[in-house]
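Heads up, the thing below is written out as structure tokens.
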Amino acid sequence: MAFDITKKKAFVCDLDGTLFMGAVPIKPAVDFVIDSTLSGRFSFYFLTNNTSKCPEEYIAKISGAGIPVKPEQILTPLITLEEYIREKGCKSVYLISSGKVKAHMAARLADAAVRLDYDPEANELIALAYDKELTYEKLARATTLWNVRMASGKTIDFVATHPDNCCPSELGPIPDVGGMLKLLETTNGMRPSHVFGKPSPTLLAPVLAKFKPSEIAVVGDRLYTDKAIADNAGIDFICVLSGETTPEDLAKYQGAPPAIAVETFNMIDK
Ligand SMILES: [Mg+2]
């Protein structure tokens, strides 16, 4: 079925390769988001797997490009992690993250009296985020928590914020959570019970609470993450060719085609 923009009310936008190239805004796409926000034509949500940054940093980046944005429009696996901790009723979590992200999570969870420090006696959950301040000590603590619990016949839950094997940089791929998970698994076989973030559709829960799947489209430049989350949630995917996916990649792609493929996001309105 042809893509029908008149049926859409909300777009879930990937950031890098879709609205930005690194720090630089992709101007026509950003202008389309600004105009459609100001006219009230569409709602926008901004999707990122990158848990090395707090939502506030994304708000600064997006609003810095001129897009009006509120905190509830930022979708990051840190939201899913917070919900998971609340649902499970955890009071002691060993959170492996940057100091800034830890402070953000502690503030979010302050009302639930959740502690996020290493505490071998009390920790009920190990949570791995994209920690750019990762140290050998943190990795060793995660594995020893796991080892000691297993040896005593108990278990400890373990989750990760997202599965990305690498993070793109100007100088090529650099390590991300996927590589950290492989290191842990290689060490003692520990594997997460849940991995949040794209392509898990749990990240879209706030949007699906407000709009019908047929009213939403995901916009992104990566087929194996952005298209996968759209497919997993049963919503349309708009593939932009302003980032990672090339026309040749799309021609070779074996899965169901995207609803539409365009050079830049603004061109869906042509
Ligand atoms: Mg992208």
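Atoms within each ligand, like the ligands themselves, are counted from 1 in listed order.
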Item to check | Of all pairs that satisfy salt bridge (charged side-chain N to carboxylate O under 4.0 Å, His left out), the ones with a partner from residues 91-114, not counting sequence neighbours | outcome: Glu57-Lys100, Glu82-Arg108, Arg86-Asp111, Lys102-Asp117

Next on the checklist: Students often mix this up, so state it plainly: with edges at 30° and 60°, are the rings of Trp146 and Phe158 parallel, tilted or perpendicular?
Outcome noted: perpendicular

Item to check | Tyr84 ring center within less than 6.0 Å of His194 ring center | outcome: yes

Checklist entry - Pairs in or reaching into residues 147-165: which pass salt bridge (charged side-chain N to carboxylate O under 4.0 Å, His left out), with residues at least two apart or in two chains? => result Asp164-Arg222

Item to check | In the protein, N/O/S atoms that are found under 2.8 Å from the Mg ion (ligand 1), waters not counted | outcome: Asp14 OD2, Asp16 O, Asp221 OD1

Item to check | salt bridge (charged side-chain N to carboxylate O under 4.0 Å, His left out) pairs, two or more places apart, involving residues 194-210 | outcome: Asp14-Lys198, Lys198-Asp226

Checklist entry - Looking at Lys227 and Asp231, does any basic side-chain N land under 4.0 Å from a carboxylate oxygen? => result yes

